[in-house]
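One structure is given below, encoded as structure tokens.
Protein chains get the first letters and strands the later ones, always in sequence-line order, with residue 1 at the start of each.
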Number of protein chains: 4
Amino acid sequence: MPAPDPARRNERSRRAILDATRALLAETGYADLTVGAIAARAGAGKQTIYRWWGGKSAVVLDALVDTVAAEGMTLPDSGDLRADLRLVLRATVAEFADPVLSATTRALTIETLIDDELAVQVRDRLLRPQLDAVKDRLRAGQRAGDVRTGVDLDQAVELIFGPLYHRWLLRTGPLTEEYADGLVDLVMTALRRGNGRAADDDERRGS
Amino acid sequence: MPAPDPARRNERSRRAILDATRALLAETGYADLTVGAIAARAGAGKQTIYRWWGGKSAVVLDALVDTVAAEGMTLPDSGDLRADLRLVLRATVAEFADPVLSATTRALTIETLIDDELAVQVRDRLLRPQLDAVKDRLRAGQRAGDVRTGVDLDQAVELIFGPLYHRWLLRTGPLTEEYADGLVDLVMTALRRGNGRAADDDERRGS
Amino acid sequence: MPAPDPARRNERSRRAILDATRALLAETGYADLTVGAIAARAGAGKQTIYRWWGGKSAVVLDALVDTVAAEGMTLPDSGDLRADLRLVLRATVAEFADPVLSATTRALTIETLIDDELAVQVRDRLLRPQLDAVKDRLRAGQRAGDVRTGVDLDQAVELIFGPLYHRWLLRTGPLTEEYADGLVDLVMTALRRGNGRAADDDERRGS
Amino acid sequence: MPAPDPARRNERSRRAILDATRALLAETGYADLTVGAIAARAGAGKQTIYRWWGGKSAVVLDALVDTVAAEGMTLPDSGDLRADLRLVLRATVAEFADPVLSATTRALTIETLIDDELAVQVRDRLLRPQLDAVKDRLRAGQRAGDVRTGVDLDQAVELIFGPLYHRWLLRTGPLTEEYADGLVDLVMTALRRGNGRAADDDERRGS
DNA sequence: TCATAATCGAGACGGTACGTCGCGTCTTGTG
DNA sequence: CACAAGACGCGACGTACCGTCTCGATTATGA
């Protein structure tokens, strides 16, 4: 069983499969989604799916990446960091509010916990763009003096999204715009300059 | 088909099934776990499992609750909030580093994602005690003036554990003691009094 | 994968599967017969078929044996050997004339050429009863003096059916009642007493 | 899709495909033979096979015809019919004893059973020469008075080979030289003149 | 002589059946 | 009755071949 040749891959099939996947996801949800159904809907053979993807989860990942990628992944820079972060967090909250998207993310997260390779893919192809966009905005904020220079930006990004995921995972509270705004305020406080020991330490270390 | 009579339930079987579940979870992981395998390993019939549990998820939850729940659940209060938080975060990081405990958490997280009803159970029976312990410590810190009065303590708890889970789930970086300490510093900055607009807003609102 | 326990076998399923097999054989023929279709028609699971049979060919064999066995397998003994043989050969010719039966036999013969184990089954369970019935009749003829005592009865049976199968296999000529009768005449000549060297040799050897 | 032009056919490919077919038949047997495997082994494309042959069956037939057809096909006429028949039956028995030749015959027989059109080909191109050679020898015997004039020679040929095939197909007994000789004796008895009713009938009818 | 039209190797494709696996239910004794 | 054991209906799985198709690369003329 030699590796298939990507150059000979049928683009029409690829698109049909991803489209069918998205359609079925919306109709039946991830749990009731089957590789056979995707193939049938796409007018493709199952083998074509297994030839290019590892299974259901990989196809779904690609289908999602496919749509997300089209959306373009840079944050606006209005000059007001707090306002810009509110925008992105509100958008994320809205995504979680969509039942189909939420269920899909949930299912993909499960697969992520089972399959390490998939986890890497999800992280790098689905989430990284979003995270990096926020990181870029924070870096700009750092240059503008809105964020302390000593702050580790990766850690800052996690500080923003971590609580959100945590609440979503454990359903410990509502995911509303008010929540998003409150979280942004908390995070802004943590990142802003001139406020106490942590900042002093960091800047002393950084100098 | 009358409801089964809990009084006649065989305790020996119950224990054997939970033990087998834990053993198989450790040996083969959650993905390869099947009801049939649990029954066979436990020397039980499949029907016995379906009689008393709803399915694989419920058994796994019970098996894990069994082990995890017994841990003592109050944080020390040394008077130094930062130090106390470091302790708990370092402990959590250590748990994630332990392969067995990490696998257990993984399985639990999956349960959380699969079944809404179970998610409530997991959250309330397993996680809540730990989260509440931290929340209690924060409340004490609030009384001691280490935490602004306006801060929503539930949100604060999420600010602490959220980034940790995020990094663990997405494997976006190492989970070390240094990381834990850095996170505590960041969080402390966010929670402490007298540092900028969010705080002012909060306290103005709070008064 | 331990061997299944025949004592717990569901007789209702067994019958339903064999009935469905016969029905589908008549409707679609052997080539278009699938295990899945049999299972669906029988209201059974595919696994139940694979649990008790080796595959399509084994089920078909059983289905045929099942019907043949019911027919009772002893030849009439009218006292006239030639007449009795004509009856059985005419019946065999009639079976080959039935398209469904002929096609099934053809297909089963193919499997027989591929699978040695199946060949043994077909021979012993499907054909042996018929062959033995003829052999018994010949033995009676031997006692009655219609067949030389030195003749090997197994060989005699083959002399009767061999040419028939040969003609059927190679389609070298029509399979009619006239052909059957002519073959019987030829065979009777070979078996009858008092006609030449072979007989003399045999009887000399036999004494 | 115009019909392919035989003039442009690549002889090298044709040979490679037939060689590969024979090699795979010998190595893995008919059941495990696939068009893909033949093409791969031959270094040919599958399309090349489907372009020039109807499918697996046709290729196998061609491959076997290629080897078997060349054999010289006249029987010796020593004047002693019994001896000559013994020679040919012993040779046939020897062929069945040879594993490679037996496998070939097996494959050919399968072809015969699968496809009516091919059956005609097999019969006429491969078997007919051999059968006709025997038939010719019998005709000579008839002229010499060794065989009754009323005997249908085609039927006689089947009387000779039929039992042999029957025994080979059903594995109902050993295929030895003794068996061959015994069969010849039986057949000779059936064919010889002046031995009973069938003969009388025939000759009365024939005259 | 060289375009040009076919065959060629390679293998991806839509499709069908395969034989296996696990689910949750049902059946059959045993204690 | 609960229980161990495991057969059952069901349905998805991932694989194997089928016969068709698409794609350059390679002939082999006949314009």
Nucleotide N/O of nucleotides 27-31 of chain E paired with protein N/O under 3.5 Å:
residue: dT27(E); atom: O2; partner: Arg8(C); partner atom: NH2; Å: 3.1

Give the table of side-chain donor-acceptor pairs shorter than 3.5 Å for residues 43-57 of chain C, with sequence neighbours excluded, one pair per line with atom names and distance.
residue: Trp53(C); atom: NE1; partner: Asp62(C); partner atom: OD2; Å: 3.0
residue: Lys56(C); atom: NZ; partner: Tyr30(C); partner atom: O; Å: 3.1
residue: Lys56(C); atom: NZ; partner: Leu33(C); partner atom: O; Å: 3.1

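Residues passing the salt bridge (charged side-chain N to carboxylate O under 4.0 Å, His left out) test with Arg14(A), sequence neighbours excluded: Glu11(A). For Arg41(A), the salt bridge (charged side-chain N to carboxylate O under 4.0 Å, His left out) criterion is met by Glu27(A), not counting sequence neighbours.
Considering all non-hydrogen atoms of both residues, Leu113(C) and Arg106(D) come closest at O-CD, 2.9 Å. Between Leu18(B) and Ala63(B) the shortest heavy-atom distance is CD2-N, 3.7 Å. Contact record, Ala20(B) with Ile38(B): CB-O, 3.8 Å, taken as the closest heavy-atom pair.
If you check residues 29-44 of chain B against DNA chain F, the residues with a heavy atom closer than 4.0 Å are Gly43(B), Ala44(B), listed by number. Of all the residues in residues 51-60 of chain D, Arg51(D), Trp52(D) reach under 4.0 Å from DNA chain E with at least one non-hydrogen atom.
Atoms CZ (Arg14(C)) and P (dA7(F)) sit 17 Å apart, rounded to a whole Å. For Arg12(C) and dA7(F), the CZ to C1' distance is 14 Å, given to the nearest whole Å. As a whole-Å value, the separation of Ile17(A) CD1 from dG15(E) C1' is 13 Å. Rounding to whole angstrom units, CG of residue Asp5(D) and C1' of dT27(F) are separated by 13 Å. Rounded to an integer number of Å, the gap from Ile49(C) CD1 to dC18(E) C1' is 12 Å.
A sub-4.0 Å separation between OP1 or OP2 of dG14(E) and a side-chain N or O of Ser13(A) is present.
Atoms CD1 and CG, from Ile17(C) and Asn10(C) in turn, are 8.5 Å apart once rounded to the nearest 0.5 Å.
Between the side chain of Lys46(B) and the base of dG6(F), no donor-acceptor pair under 3.5 Å is found.
Of the residues near DNA chain F, Glu11(B) and Asn10(C), the one whose nearest nucleotide (by heavy atom distance) lies more toward the 5' end is Glu11(B).
Looking only at distances, no side-chain donor or acceptor of Arg171(D) sits under 3.5 Å from a matching main-chain atom of Val120(C). Thr67(A) contributes a side-chain N or O that, together with a main-chain N or O of Leu64(A), makes up a donor-acceptor pair within less than 3.5 Å.
Within a 6.0 Å sphere centred on CZ of Arg12(C), other residues, nucleotides and ligands contribute 12 heavy atoms or fewer.
Nearest to the side-chain atoms of Tyr50(A) among the listed nucleotides dT15(F), dC8(E), dC8(F) stands dT15(F).
Taking the side chain as every heavy atom from C-beta outward, Val35(D) and Val59(D) never approach each other to under 4.5 Å.
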